[in-house]
Amino acid sequence: MNLPAVPQLHPPRLPNPETIRQSLGSLVLSQIRGRVASVTGDAVTVQGMTAPLGAICELMPPDAKPTLARVIGFDDTRPILAPMEAISALAAGDRVRLVSRSLTLRVGDSLCGRVIDAFGRPIDGKPLSDDLVRVSASRAAPDSLDRPPIDEPLQTGVRAIDAMLTCGVGQRLGIFAGSGVGKSTLLGMLTRGTTADRIVIAMVGERGREVQEFMQRALGAAGLKRSVVVVATSDKPAAQRLSAAWTATAIAEKFRDEGHRVLLLVDSVTRFAMAQRELGLAAGEPPTTRGYPPSVFNMLPQLVERAGRTTKGSITAFYTVLVEGDDNNEPISDTVRGLLDGHIVLNRKLAHRGHYPPIDIPESISRVANHLVTPETYQATLGIREHMVQYQTSEDLISIGAYRSGSDPRVDTAIAMRDPINDLLRQDANEITPIADSQARVQKLHQAASAALAQLNQPQAPAPKPA
């Protein structure tokens with residue numbers, strides 16, 4: 001006899017009490033209204049009301065739909081707003097209403113597989129699920145004493161990273177490169193090869209064409225199922241581009257608090273800084289280094305320090321840095337490099353040679369790699385680095401044929417190992433290599449190089465004298 005199926009009960013899950021407290025604290029319990037006093041560039045000055053810094057207001061032109069704006073400063077006692085959406089019509093005297101004391105969004109497991117904007121609104125044509133919990137996009141970084149040490153490697157699937165620049169769970173790294181060198185391709189490899197539970201991607205200031213292309217070619221259907229993509233393209237207002245990075249970080253924090261290992265990709269932190277430069281200058285800040293106001297260098301550590309490992313979960317973050325003119329020492333690059341736990345430099349010359357991913361190993365470093373791998377693997381990576389630097393030092397002499405074989409055993413070994421090392425570091429964009437295989441290959445390569453160098457260093461027997 002077939003028994004009737006037992007219905008499955010799905011009791012509602014109560015949100016975290018701390019999350020409820022934060023949501024209630026951001027509510028505006030009274031109507032606070034004002035009017036537009038003046039508009040200067042992208043800055044809207046409001047009179048007749050007050051609002052805290054970072055608050056979200058609504059501009060309400062009489063003949064157009066309301067648009068959101070953020071408080072970025074004050075002119076005496078009058079708030080200065082930066083529109084977060086395109087304004088079709090705005091005039092002096094138009095009404096302004098305070099909406100929230102901070103930007104909030106809805107987050108939960110059902111957000112995976114979705115594409116949203118900087119406000120957390122879906123842009124993929126489907127409604128959001130009802131089980132999402134509202135959280136604030138602004139949050140303090142974890143206390144330094146609440147961060148466990150990074151002692152577990154995280155697979156990325158990229159041999160050059162897993163073997164030579166091993167990344168740890170909760171580590172924060174930067175990907176430094178000029179335009180068109182291969183940052184997006186490398187990010188796609190990371191999303192496909194990582195063993196993280198959740199992936200959050202912030203596309204800040206990217207071209208509109210690249211969004212769909214990245215989702216289809218880089219992420220794919222399997223990668224999108226465990227990912228949340230936050231998009232603010234280059235045509236969006238600066239306040240919206242800035243908020244996209246905060247929104248992605250808040251989503252990653254919610255997943256981390258639930259015990260997940262999260263991979264956060266922000267592309268790019270340079271455009272995040274450029275958006276803040278626009279807002280800072282509009283708010284009246286003085287320009288300093290290369291036109292960047294002081295708020296930019298104050299905001300960068302606030303962004304990157306929110307990632308990392310806690311006792312609940314981890315956020316492993318990769319921040320791409322678009323270096324101007326391939327200058328890795330320009331202000332944003334130099335500042336971000338000092339804030340992160342390592343940096344990966346992409347070399348344009350390697351890309352021109354067809355070497356992908358074009359990671360410049362001697363110029364890159366993972367500051368916690370020695371705590372993540374065995375002593376044998378770490379010594380092997382140091383040996384391989386030495387051979388690569390030795391070849392670079394003598395490359396000009398080798399290329400013009402001025403170096404004579406046998407002059408220096410170390411150079412001879414570097415020449416012999418160049419092709420095997422390049423074979424290790426080159427990888428097809430769709431290829432995924434387990435981290436154990438990558439580290440085993442680098443150890444085997446180091447052993448071969450050591451054996452070749454030892455043989456070259458052996459004293460040669462003197463030639464027999466003629467009778």
Side-chain angles (χ1 to χ4, degrees), residues 147-176 186 189-190 192-196 261 263 308-309 314 316-318 337 340-347 350 355-393 409-410 413-428 431-457:
R147 297 176 182 264
I150 299 173
D151 54 8
E152 180 185 356
L154 177 71
Q155 175 181 305
T156 65
V158 182
R159 285 195 299 270
I161 297 177
D162 290 342
M164 303 295 298
L165 307 165
T166 308
C167 172
V169 174
Q171 188 174 354
R172 300 161 304 173
L173 295 102
I175 300 177
F176 295 75
L186 180 58
M189 297 175 69
L190 294 175
R192 290 190 297 271
T194 184
T195 54
R261 298 196 304 178
L263 178 65
R309 185 181 179 188
S314 65
T316 306
F318 286 83
R337 185 166 50 244
L340 300 178
D341 306 318
H343 52 272
I344 299 172
V345 179
L346 304 188
N347 190 304
L350 291 177
H355 182 117
Y356 286 99
I359 299 177
D360 191 337
I361 297 297
E363 293 291 331
S364 307
I365 190 172
S366 173
R367 295 177 179 171
V368 298
N370 58 324
H371 302 294
L372 305 174
V373 298
T374 62
E376 294 78 13
T377 300
Y378 185 64
Q379 291 301 320
T381 59
L382 294 180
I384 297 301
R385 278 177 174 270
E386 183 179 356
H387 295 309
M388 298 181 71
V389 172
Q390 188 68 56
Y391 186 90
Q392 288 182 358
T393 304
R410 295 174 301 174
T413 305
I415 295 174
M417 297 305 300
R418 183 169 185 262
D419 288 341
I421 291 175
N422 286 337
D423 290 341
L424 169 70
L425 302 179
R426 281 195 180 107
Q427 187 173 347
D428 185 80
E431 181 183 359
I432 299 174
T433 304
I435 186 172
D437 293 351
S438 299
Q439 296 179 355
R441 286 187 60 173
V442 77
Q443 288 190 40
K444 184 177 180 180
L445 197 60
H446 176 61
Q447 293 170 1
S450 299
L453 181 60
Q455 184 176 2
L456 290 172
N457 282 327

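All values derive from a computational prediction rather than experimental measurement.
Counting only distance, with no hydrogens or angles, the side chain of R385 and the backbone of I361 share a donor-acceptor pair below 3.5 Å. Between the side chain of E363 and the backbone N or O of V345 there is no donor-acceptor pair closer than 3.5 Å. Side chain of D162 to main chain of S438: no donor-acceptor pair is present (N/O by atom type, distance under 3.5 Å, no hydrogens or angles). At least one donor-acceptor pair under 3.5 Å links the side chain of Q427 to the backbone N or O of G157.
Note that the CE atom of M189 and the OG1 atom of T433 stand 8.0 Å from one another [nearest 0.5 Å]. Going from atom CG of L340 over to atom CD1 of I344 covers 10.5 Å, rounded to the nearest 0.5 Å. Note: H343 NE2 to R172 CZ = 14.5 Å, rounded to the nearest 0.5 Å.
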CA sep, side-chain torsions, deciding dist, call: Y356, L350, side-chain contact (heavy atoms from CB on, under 4.5 Å): CA-CA 7 Å; Y356 286 99; L350 291 177; over 6 Å; no
Take R192 and I432, measure what side-chain contact (heavy atoms from CB on, under 4.5 Å) needs, and give me the verdict at the end. CA-CA 8 Å; R192 290 190 297 271; I432 299 174; 4.2 Å; yes
Begin from the C-alpha positions of L445 and I421 and carry the test side-chain contact (heavy atoms from CB on, under 4.5 Å) through to its verdict. CA-CA 8 Å; L445 197 60; I421 291 175; 3.7 Å; yes
Stepwise side-chain contact (heavy atoms from CB on, under 4.5 Å) check, H371 with I150: CA-CA 8 Å; H371 302 294; I150 299 173; over 6 Å; no
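With sequence neighbours excluded, the residues satisfying side chain to side chain contact (heavy atoms under 4.5 Å, CB included) with R309 are P148, D151, S314.
Between the side chains of Q171 and S366, at least one donor-acceptor pair of N or O atoms lies under 3.5 Å. For the 3.5 Å distance criterion, the side chains of T377 and Q443 qualify, holding a donor opposite an acceptor.
Put simply, the side chain of L372 does not reach to within 4.5 Å of the side chain of Q439, judged on heavy atoms. Between L263 and F318 there is a side-chain heavy-atom pair separated by less than 4.5 Å. Between I161 and I359, some side-chain heavy-atom pair lies under the 4.5 Å cut-off. At a threshold of 4.5 Å between non-hydrogen side-chain atoms, the residues P153 and I435 count as touching. Between T156 and T194, the closest side-chain pair of non-hydrogen atoms is not below 4.5 Å. Between C167 and L173, the closest side-chain pair of non-hydrogen atoms falls below 4.5 Å. Residues H355 and L425 are in side-chain contact: their nearest non-hydrogen atoms beyond the backbone lie under 4.5 Å apart.
The residues R367 and D341 are annotated as not salt-bridged, no charged nitrogen and carboxylate oxygen being separated by less than 4.0 angstrom. Under a 4.0 Å N-O distance rule, the pair E152/R261 qualifies as a salt bridge. Using a 4.0 Å cut-off between a side-chain N of Lys or Arg and a carboxylate O of Asp or Glu, E431 and R159 qualify as a salt bridge.
Residue L186 comes nearest to P357 through the heavy atom pair CD1-CB, 4.2 Å, listed as atom of the first residue, atom of the second, then distance. Between D360 and S364 the shortest heavy-atom distance is O-OG, 2.7 Å. Closest non-hydrogen pair, A414 versus H387, comes out as CB-O, 3.4 Å. Between V442 and A163 the shortest heavy-atom distance is CB-CB, 4.2 Å. Contact detail for M388 and P362: the closest heavy-atom pair is CE-CD, 4.0 Å. Between M164 and T381 the shortest heavy-atom distance is CE-O, 3.5 Å.
No more than 12 heavy atoms of other residues, nucleotides or ligands shown are found within 6.0 angstrom of CZ on R410.
For the pair R337 and F176, the cation-pi test (distance below 6.0 Å, angle within 45°) is passed.
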